[in-house]
Amino acid sequence: MESEETSRTAGKGNALKALVSFFTLWHMDITQEDMDDMERKFHLVPFVALFFSVFIIIEMLILQWLSREYGFGSDLFAAVVALATVYIGSKFIHFDGLTDFGDGMIVSGTQEDHVRALKDTLVGAGGIGVALIVVLFSASIYSIAGVAFLLVFAPICEVMVKNAMVFAAAFGNPGHGMAGRQVSMTTTNSAIYSTVISLILGVALAVITCALFDMMFPTRMGIDVAAVVFGVIFAAVASAVVGYLMARNANKVFGMVNGDILGATNEVSRPVIMISMVLPFICWL
């Protein structure tokens with residue numbers, strides 16, 4: 001029994017190691033065993049968001065301090081910094097999936113034509129157009145949140161976009177590419193595990209960032225943690241819905257969910273999840 005428990009713990013460690021190495025700039029030496037564990041335990045991917053969350057929190061604290069002391073920066077600048085962090089930090093791997101998804105969706109023809117455009121290494125007008133819309137939408141929503149509230153909401157958002165990826169994998173038909181085995185091994189139970197993990201991480205980040213917010217603005221009315229926690233719940237629901245709809249659409253158009261669809265889900269879900277937190281919070285206030 002003890003060796004079985006140790007094996008499960010080691011498996012989770014191997015999976016996290018592979019997930020971090022695969023989805024971030026933090027390169028680690030991983031083995032095929034690590035990759036196998038990653039495919040079996042894809043529901044652990046929300047933990048990868050902590051890598052981005054730490055950087056975003058530090059950046060927003062610095063930008064808030066610069067704004068308060070020197071009047072430097074703007075809400076739009078903070079939005080660009082936060083988005084650049086996740087784009088660069090993920091090696092643009094999800095953004096690449098978004099452009100491929102755009103090309104595959106826009107092209108006319110049979111399912112084979114859609115798949116051919118999806119897998120084409122060249123980026124067409126569809127890919128550029130879809131990516132441009134998603135990036136502009138993301139930047140706009142992040143700007144609405146503003147530099148102060150990005151400290152609270154942006155880290156939580158990164159956790160939830162990973163949850164959306166798990167839902168897309170859980171409800172998608174596996175393809176024959178690199179992510180095929182990963183999608184086939186991600187079940188509805190995986191989606192439930194991922195949601196629980198995302199809610200726990202989201203609430204923890206809410207408590208920490210709200211405390212930091214109050215430290216940065218001691219003379220200002222503190223941010224309501226309860227309102228942010230409700231935002232975490234709304235974000236979890238939004239991530240599940242977007243992930244499911246992306247899988248459903250991909251199954252219909254491409255007949256499968258592959259790595260490009262998972263990457264596109266990561267990017268498409270971000271502005272939806274952010275607005276699902278910002279709007280209820282504004283209404284709460």
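Side chains are part of it too, since the values below use all heavy atoms of this structure and drop only hydrogens, waters and symmetry mates.
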Task: Residue N189 excluded, over 12 heavy atoms near CG under 6.0 Å - done: yes

Open item on the list: Which heavy atom of L205 sits nearest to which heavy atom of L50, and what is that distance?
Closed with: CD1-CD2, 4.4 Å

Open item on the list: Could you walk me through whether Y142 and F153 satisfy the ring-ring contact (aromatic ring centres under 6.0 Å, His included) test, starting with their C-alpha distance in whole Å, then the side-chain angles of each, then the deciding distance to 0.1 Å, before giving a yes or no?
Closed with: CA-CA 9 Å; Y142 273 51; F153 292 126; 10.0 Å; no

Task: Pairwise side-chain contact, N258 with L118, heavy-atom cut-off 4.5 Å (strictly under) - done: yes

Task: Which atom of M277 lies closest to which atom of A235, heavy atoms considered - done: CG-CB, 3.6 Å

Open item on the list: Do T110 and E112 pair up side chain to side chain, a donor and an acceptor below 3.5 Å, judged on atom types alone?
Closed with: yes

Task: A15 backbone acceptor or donor facing K41 side chain under 3.5 Å - done: no

Task: Minimum heavy-atom distance S138-P271, with the two atoms named - done: OG-CD, 3.3 Å

TODO: Answer yes or no: is there a side-chain heavy-atom contact under 4.5 Å between T195 and S198?
DONE: no

- [ ] Look only at the side chain of D103 and the backbone of D100, and say whether a donor-acceptor pair between them is shorter than 3.5 Å.
- [x] no

Open item on the list: ring-ring contact (aromatic ring centres under 6.0 Å, His included) for F51 and F55? Distances and angles first, verdict last.
Closed with: CA-CA 7 Å; F51 174 86; F55 284 99; 5.5 Å; yes

Open item on the list: Within the supplied structure, the quantity of interest is the number of heavy atoms (other residues, nucleotides, ligands) at a distance under 6.0 Å from K91 NZ; does it exceed 12?
Closed with: yes

Task: Option among F167, F171, F101 that satisfies the side-chain contact (heavy atoms from CB on, under 4.5 Å) test with M246 - done: F101

Open item on the list: With a 4.5 Å cut-off on side-chain heavy-atom distances among I, L, V, M, F, W and Y, is there a chain of contacts connecting W26 to F52?
Closed with: yes

- [ ] Tell me whether Y193 is reachable from M38 by hopping between hydrophobic residues (I, L, V, M, F, W, Y) whose side-chain heavy atoms are closer than 4.5 Å.
- [x] no

Task: S143 side chain to D75 side chain, donor-acceptor N/O pair below 3.5 angstrom - done: no

TODO: Answer yes or no: is there a donor N or O on one side and an acceptor on the other, between the side chain of T99 and the main chain of G127, under 3.5 Å?
DONE: no

- [ ] Say whether I197 and I208 are linked into one hydrophobic cluster, either directly or through other cluster members, by side-chain heavy-atom distances under 4.5 angstrom.
- [x] yes

TODO: Salt-bridge test for D36 and R181: reply yes if a basic N is under 4.0 Å from a carboxylate O, no otherwise.
DONE: yes

- [ ] Dump the intermediate steps for ring-ring contact (aromatic ring centres under 6.0 Å, His included) on H94 and F23, then the final yes or no.
- [x] CA-CA 9 Å; H94 304 304; F23 288 117; 5.4 Å; yes

